[in-house]
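Contents: one structure, followed by commentary.
The structure displayed is predicted, hence computed values, not measured ones. Atom set for the values below is all heavy atoms of this structure, side chains included, hydrogens, waters and symmetry mates excluded. Convention: sequence-line order gives letters A, B, ...; per-chain numbering from 1.
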2 protein chains.
Amino acid sequence: MKTQKDNIQQLLKNAKLRLTPQRLVILEALLSLNHPNAEELALYVRKTHPNIAVGTVYKTLETFLECQLITKVDLPGDSIRYDAIQLPHHHLVNPDSGRLEDYYDDDLFALIENYLKEKPVQDFDLKEVKLQIIGKFTQKK
Amino acid sequence: MKTQKDNIQQLLKNAKLRLTPQRLVILEALLSLNHPNAEELALYVRKTHPNIAVGTVYKTLETFLECQLITKVDLPGDSIRYDAIQLPHHHLVNPDSGRLEDYYDDDLFALIENYLKEKPVQDFDLKEVKLQIIGKFTQKK
DNA sequence: TTCTTAGATGAGAATCATTCTTATTTAGAT
DNA sequence: ATCTAAATAAGAATGATTCTCATCTAAGAA
């Protein structure tokens with residue numbers, strides 16, 4: 001029976017990173033919070049590591065980015081948010097409130113990627129597509 | 001025979017904004033440069049207005065955003081970039097180099113929007129979609 | 001178990017993109 | 001020409017992020 005902690009450890013081992021307590025809890029935070037920024041991560045981590053340096057949070061995030069454990073998330077004018085979900089997904093965004101949610105729809109992904117296969121972008125080596133769906137949430141979270 | 005300058009003036013008049021020289025040249029820069037950030041705009045403007053305050057650039061951009069003359073452009077971890085193009089378009093992005101280009105394909109837009117009409121996102125009032133196509137440019141600009 | 005070492009962290013300083021503040025200037029109406 | 005509200009200039013302030021350097025420690029070897 002693998003726990004979340006085991007999964008997190010496995011992710012770090014797969015990435016050949018050291019299993020420091022700080023890294024474990026930061027990755028846990030990234031998997032638990034909704035697209036947290038550095039400040040939100042720091043708040044979460046400080047519950048168990050009151051003395052963690054904010055520089056460590058940033059440095060850890062940078063390391064995770066380099067290993068592609070996580071990605072940065074687009075949101076104009078907001079502080080950088082991070083995303084640890086590896087499954088293909090889109091983002092629902094309300095620019096007014098800054099709320100950001102994952103949206104999973106494999107068919108939509110397939111539709112876009114097939115279209116771009118049939119009609120490739122010239123002079124561009126496509127790696128992935130990201131769709132932002134902008135609007136308003138009509139249901140309280 | 002309308003010049004670009006006339007067009008710019010018309011855009012500002014339509015938005016009920018005053019036609020200050022600074023605003024004229026900033027909008028010209030926004031229409032001439034490729035998704036400039038504030039610094040790039042300031043450099044462009046300083047050719048004709050050496051004493052412009054950087055705060056004025058930012059304040060002008062904010063005013064243009066409020067009037068929806070321009071939009072901010074997503075690019076994780078980069079400084080805010082701005083876009084004055086009003087026609088529907090996607091963005092081609094190379095995250096490694098930071099290069100960003102417009103990509104026009106009305107069919108792709110229609111495809112996505114039709115899909116989302118047929119399969120609406122629950123509890124979400126959709127306003128627009130933005131597609132980022134991530135990869136590498138294979139042709140020198 | 002101990003030792004070693006390269007990697008990671010802590011603490012605080014530095015950077016810089018952006019926003020704020022206040023005095024001055026000016027676009028546009030009359 | 002005058003007036004006024006809006007816009008600008010100049011510089012200070014803010015805060016998210018990065019840098020620096022001393023210290024700590026995960027993990028591998030013995």
Side-chain angles (χ1 to χ4, degrees), chain A residues 5 8-27 29-30 35-46 48-67 69-82 98, chain B residues 5 8-27 29-30 35-46 48-67 69-82 98:
Chain A
K5 188 168 179 180
I8 289 168
Q9 289 184 346
Q10 196 60 51
L11 285 170
L12 290 176
K13 284 178 186 169
N14 290 345
K16 304 192 194 310
L17 296 176
R18 293 181 178 204
L19 307 200
T20 68
Q22 294 88 347
R23 286 176 174 175
L24 290 169
V25 71
I26 288 173
L27 195 46
L30 284 159
H35 303 96
N37 59 27
E39 180 63 28
E40 284 161 347
L41 288 168
L43 281 177
Y44 185 101
V45 173
R46 281 198 197 109
T48 51
H49 299 72
N51 295 322
I52 195 167
V54 69
T56 299
V57 175
Y58 280 111
K59 182 63 183 175
T60 304
L61 289 170
E62 184 188 347
T63 304
F64 287 172
L65 283 164
E66 285 168 3
C67 298
L69 272 180
I70 66 173
T71 58
K72 289 178 184 177
V73 180
D74 310 341
L75 204 52
D78 196 3
S79 57
I80 304 174
R81 294 185 179 199
Y82 299 91
Chain B
K5 187 168 178 179
I8 289 168
Q9 288 183 344
Q10 195 59 51
L11 286 171
L12 290 176
K13 282 176 186 171
N14 291 344
K16 304 194 192 310
L17 295 176
R18 294 181 177 202
L19 306 200
T20 68
Q22 294 88 345
R23 287 177 171 174
L24 288 169
V25 71
I26 288 172
L27 195 46
L30 285 158
H35 302 95
N37 59 27
E39 179 62 26
E40 284 161 348
L41 287 169
L43 282 176
Y44 184 101
V45 173
R46 282 201 196 106
T48 51
H49 299 71
N51 296 322
I52 193 166
V54 69
T56 299
V57 174
Y58 281 111
K59 181 64 182 174
T60 304
L61 289 169
E62 182 189 348
T63 304
F64 286 172
L65 284 164
E66 284 168 1
C67 298
L69 271 180
I70 64 175
T71 58
K72 289 178 182 177
V73 181
D74 310 341
L75 204 51
D78 196 3
S79 56
I80 304 174
R81 293 187 179 196
Y82 300 91

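Put simply, CD1 on A:I8 and CD1 on A:I26 are 11.5 Å apart, with the number rounded to the nearest 0.5 Å. Summarising the geometry, atom OG1 belonging to B:T63 is positioned 9.0 Å from atom CD1 belonging to B:I70; distances are rounded to the nearest 0.5 Å.
Across all strands shown, B:N51 has heavy atoms under 4.0 Å from sugar-phosphate atoms exclusively, and none from any base. At a threshold of 4.0 angstrom between heavy atoms, the contacts of B:T63 with the nucleic acid are absent.
Sorted by first then second residue, the side-chain hydrogen bond (donor to acceptor under 3.5 Å, both in side chains) pairs that include residues 13-25 of chain B, not counting sequence neighbours, are B:Q10-B:N14.
Taking atom CZ of residue A:F64 and atom C1' of nucleotide D:dT17, one finds them 18 Å apart after rounding to whole Å. D:dT18 atom P lies 10 Å from atom CG of A:L65, rounded to whole Å. Between the CG atom of A:L61 and the C1' atom of D:dA16 there is a distance of 13 Å, rounded to whole Å.
Considering only heavy atoms from C-beta on, B:K72 comes within 4.5 Å of B:Y82 through its side chain. For the pair A:L12/A:L69, a side-chain contact is recorded, criterion being any heavy-atom separation below 4.5 Å from C-beta on.
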Side-chain donor-acceptor contacts of residues 51-62 of chain A below 3.5 Å, not counting sequence neighbours, with atom names and distances?
| from | atom 1 | to | atom 2 | distance (Å) |
| --- | --- | --- | --- | --- |
| A:T60 | OG1 | A:T56 | O | 2.7 |

Can you list, pair by pair, the side-chain donor-acceptor contacts under 3.5 Å of residues 36-43 of chain A, counting residues two or more places apart and other chains?
| from | atom 1 | to | atom 2 | distance (Å) |
| --- | --- | --- | --- | --- |
| A:N37 | OD1 | A:E39 | N | 3.2 |
| A:N37 | OD1 | A:E40 | N | 2.9 |
| A:N37 | ND2 | A:S79 | OG | 3.2 |
| A:E40 | OE1 | A:N37 | N | 2.9 |

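Only B:I52, B:A53, B:T56, listed by number, bring a heavy atom of residues 52-59 of chain B to less than 4.0 angstrom from any atom of DNA chain D.
Sequence order on DNA chain C of the closest nucleotides to A:K16 and B:R81 puts A:K16 first from the 5' end.
Bending across the helix from C:dT1-D:dA30 to C:dT30-D:dA1, expressed as the angle between its end axes from five pairs apiece, amounts to 40° (10° rounding).
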Under 3.5 Å, which protein N or O atoms sit close to an N or O of nucleotides 20-26 of chain D? Give each pair with its distance.
| from | atom 1 | to | atom 2 | distance (Å) |
| --- | --- | --- | --- | --- |
| D:dA26 | N3 | A:R18 | NH1 | 3.2 |

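Contacts of A:R81 classified as salt bridge (charged side-chain N to carboxylate O under 4.0 Å, His left out), with partners at least two apart in sequence or in another chain: A:D78.
With a heavy-atom cut-off of 4.0 Å to chain B, the contacted part of DNA chain C has its first and last nucleotide at C:dA17 to C:dG28.
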